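Excluded from the calculations below are hydrogen atoms, water molecules and symmetry mates; all remaining heavy atoms, backbone and side chain alike, are included. None of these values were measured; they are calculated from a predicted model.
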Amino acid sequence: MKKEKSTFGWIMEFAGQKRRFYWFSVICAVIGSVCQMIPFLAAVHIIGKLIGGDMDFGGYLTDFLMIAGAWVLRVVFHGVSTAASHTATFSVLANIRKRGLLKLERMPLGEVQNRGSGNLKNILVERIDSIETTLAHIIPEMTGNLCAVAAALIVLFAVDWRMALVSLITFPIGMACYMCMMIGYEQSYQRTVRATKNLNDTAVEYIGGIEVIKVFGKAKSSYEKFVATTKEGAASYVEWMRKNNVYFTFAMNIMPATLITVLPIGGLFVKNGSLPVSDFILIMILAMGLITPILNCMAFGDDIAKLNTVIGEVTSIINAEEMPRPETAQGSMKNNVIELEGVRFGYDEKEVLHGIDLTFREGTVNALVGPSGGGKSTIAKLIAAFWDVKDGSIRIGGVDIRKLSAGQYHDLVAYVSQDNFLFDDTVRENIRMGNRDATDAQVEQAAKDCGCWDFTMGLENGFDTVVGGGGSHLSGGEKQRICIARAMLKNAPIIILDEATAYTDPENEAIIQASVAKLVQGKTLIVIAHRLSTIVDADQIVLVNQGNIEAAGTHEELLSKSPLYAKLWNAHISSKDSLCGGEKNV
């Protein structure tokens with residue numbers, strides 16, 4: 001079994017060539033800790049001379065200069081250490097994001113969508129940002145504090161091993177209290193993580209759905225859900241802190257109280273002559289600063305736990321399953337005929353498609369119809385390579401799509417769903433994303449062909465109007481027509497429209513249908529539609545029901561041989577006639 005990499009191992013991998021800055025930071029931190037000890041030793045030397053009646057002020061000046069010089073060196077090395085660790089840390093954060101984004105390109109698109117854009121954005125932006133301070137400071141500061149403790153202990157044991165042990169008596173007592181705080185730590189910490197995540201999700205849901213909440217008068221019930229999540233978020237921290245308050249108070253007050261044992265026991269040693277006064281003074285000074293660096297290191301406990309959590313979230317993306325694709329195609333396509341043979345596919349453990357055999361001929365219009373949940377969109381998304389099939393194969397021009405490079409396959413297929421995304425850019429640039437080399441004239445022609453021209457020219461700045469994040473400044477139908485224009489401009493040989501006209505009105509839907517018919521000459525078109533009247537002229541209509549192909553043929557053929565299709569058609573005509581009658585009555 002492959003050994004799981006530790007958090008530190010991941011950090012060093014993400015640091016890449018900049019990992020040497022971390023090691024340089026550690027070296028500077030160690031030197032800074034040595035410089036930090038010099039003033040203590042110099043102070044003891046000064047006190048010893050004062051007790052001995054030394055009146056040579058020149059010697060005192062030398063000691064003071066040594067203290068000042070050591071302080072300056074300590075500040076300089078601390079600054080250099082921190083700067084080096086920040087350099088390495090920013091490289092780590094950049095490399096984490098690069099690895100994460102590159103991974104998203106190789107993951108099944110369906111898996112990316114299942115994780116949710118909000119969750120991925122939270123991990124790759126906010127969560128990664130949140131570990132910057134920890135990464136930049138934990139290595140030099142923990143190293144410096146641990147070295148300071150080690151240096152103090154070495155001096156203490158060198159001066160008097162008895163007093164060195166005496167100065168540590170309060171530490172195990174305080175640590176026992178601290179360890180009591182650790183009881184149930186993992187469960188409490190995970191509760192805060194879940195509560196915080198739920199609070200963020202609920203806040204986003206509440207804000208995003210505020211319009212629906214107000215329209216349907218659900219403000220009270222929706223707000224109660226938000227309040228309940230907020231209270232749980234606060235309670236997860238308050239209850240954790242309340243449970244640990246007593247232990248924390250004892251730990252933080254007992255551990256640093258080294259003089260409680262050092263003063264009386266050291267005084268007895270001085271009295272019986274086994275400990276020189278100058279050594280006793282040095283021991284008192286070192287003992288007072290012995291535990292504080294340890295407490296500083298312990299304070300990083302929550303930061304380390306947070307670091308482990310964030311790195312775990314990031315590596316869950318980096319270690320996710322990829323869609324294996326060759327760098328170059330391993331076969332030559334003869335045409336754009338799409339063939340599905342024995343295709344089986346499921347979400348998690350539930351199988352959705354049960355051995356699909358289907359052919360879409362080149363240059364034909366093909367429609368997938370059937371009851372909701374039957375598997376129409378799943379077939380379209382498999383052809384668009386959202387996922388790989390579990391069993392069977394999908395071939396284009398006789399070549400299994402798993403043997404085509406990702407770039408080559410993306411050039412073959414243009415996919416438009418009812419929930420396509422627009423970038424916070426102009427109408428022109430959103431359409432041009434279908435073909436970055438397209439001229440303004442080509443962009444505008446695609447807009448005319450897809451019914452975008454009239455409403456675009458009515459916008460404040462025409463084609464140069466910024467549509468807002470996600471196309472928020474446009475209506476659903478307007479966004480959809482821009483997405484279709486973008487797909488048309490791509491000029492891919494295979495076009496998939498997954499309920500692409502769901503948000504368009506009948507007039508613009510007719511315009512889009514006409515433009516699609518004109519633009520698909522020599523191309524393979526696959527349309528998913530619930531309005532059967534829009535696909536009666538399709539070359540092939542495929543009836544999908546409960547993961548199986550129930551029937552395939554032209555509209556007339558299906559009406560005569562498929563009771564289910566006839567039922568769907570009659571229901572569609574009835575609802576259409578009813579709607580028209582209602583409009584006439586109005």
Side-chain angles (χ1 to χ4, degrees), residues 1-37 72-107 120-151 153-154 189 193 293-322 327:
M1 294 179 62
K2 185 178 180 180
K3 185 178 179 181
E4 187 175 348
K5 193 177 298 184
S6 67
T7 298
F8 180 77
W10 278 113
I11 292 172
M12 289 296 104
E13 180 176 326
F14 291 137
Q17 294 182 348
K18 294 294 178 68
R19 68 169 63 105
R20 65 179 183 273
F21 283 89
Y22 275 134
W23 299 120
F24 180 66
S25 173
V26 169
I27 293 171
C28 290
V30 171
I31 296 174
S33 297
V34 173
C35 294
Q36 187 177 352
M37 294 301 300
V72 170
L73 288 174
R74 191 260 174 191
V75 171
V76 170
F77 279 106
H78 176 76
V80 172
S81 174
T82 303
S85 67
H86 274 83
T87 300
T89 294
F90 289 130
S91 178
V92 168
L93 300 184
N95 288 334
I96 289 177
R97 287 198 175 100
K98 289 177 182 177
R99 286 278 297 274
L101 292 174
L102 288 173
K103 183 68 177 190
L104 294 182
E105 291 183 0
R106 298 191 295 268
M107 287 171 61
L120 291 171
K121 180 254 184 187
N122 182 49
I123 293 174
L124 294 174
V125 180
E126 285 88 357
R127 298 287 284 166
I128 291 176
D129 270 343
S130 70
I131 63 175
E132 182 267 324
T133 301
T134 301
L135 279 177
H137 291 273
I138 194 171
I139 291 180
E141 292 187 13
M142 279 197 71
T143 303
N145 284 314
L146 291 175
C147 288
V149 173
L153 284 174
I154 290 172
Y189 178 72
V193 171
I294 297 178
L295 295 179
N296 292 336
C297 291
M298 293 168 61
F300 282 110
D302 286 341
D303 293 323
I304 293 173
K306 179 180 180 181
L307 181 62
N308 288 333
T309 300
V310 174
I311 293 298
E313 292 172 340
V314 171
T315 53
S316 73
I317 297 174
I318 293 175
N319 291 330
E321 183 180 354
E322 298 183 7
E327 291 295 327

Problem - Counterpart residues, salt bridge (charged side-chain N to carboxylate O under 4.0 Å, His left out), relative to Lys98 (two or more places apart) - result: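 Partners of Lys98 by the salt bridge (charged side-chain N to carboxylate O under 4.0 Å, His left out) criterion come out as none, since no residue qualifies.
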Is a side-chain N or O of [X] found less than 3.5 angstrom from the main chain of [Y], in a donor-acceptor match?
X     : Y     : value
Arg19 : Met12 : yes
Thr87 : Ala83 : yes
His86 : Thr82 : yes
Ser33 : Ala29 : yes

Measure the spacing between [atom1] of [X] and [atom2] of [Y] and express it to the nearest 0.5 Å.
X      : Y      : atom1 : atom2 : result
Leu135 : Tyr22  : CG    : OH    : 4.5 Å
Ile138 : Ile11  : CD1   : CD1   : 8.0 Å
Arg74  : Cys28  : CZ    : SG    : 12.5 Å
Leu104 : Glu322 : CG    : CD    : 10.5 Å
Trp10  : Leu307 : CH2   : CG    : 13.5 Å
Ser25  : Phe77  : OG    : CZ    : 12.5 Å

Exercise for the section: Decide if atom CZ of Phe24 counts as having more than 12 heavy atoms of other residues, nucleotides or ligands within a radius under 6.0 Å. Expected result: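 No, CZ of Phe24 has 12 or fewer neighbouring heavy atoms, counting only those of other groups under 6.0 Å.
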Taking all non-hydrogen atoms of both residues, which atom of [X] and which atom of [Y] are closest, and how far apart?
X      : Y      : value
Arg99  : Ile318 : NH2-CG2, 3.4 Å
Ile317 : Met107 : O-SD, 4.1 Å
Leu73  : Cys35  : CB-SG, 3.7 Å
Phe21  : Ala88  : CB-CB, 3.9 Å
Val30  : Cys147 : CG2-SG, 3.4 Å

Problem - Listed once per pair and sorted, the salt bridge (charged side-chain N to carboxylate O under 4.0 Å, His left out) pairs that draw on residues 126-140, sequence neighbours left out - result: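 Listed by first then second residue: Arg97-Asp129, Lys121-Glu126, Arg127-Glu313.
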Heavy-atom check, side chain of [X] versus side chain of [Y], under 4.5 Å:
X      : Y      : result
Ile131 : Thr89  : no
Val314 : Ile123 : yes
Met142 : Ile304 : yes

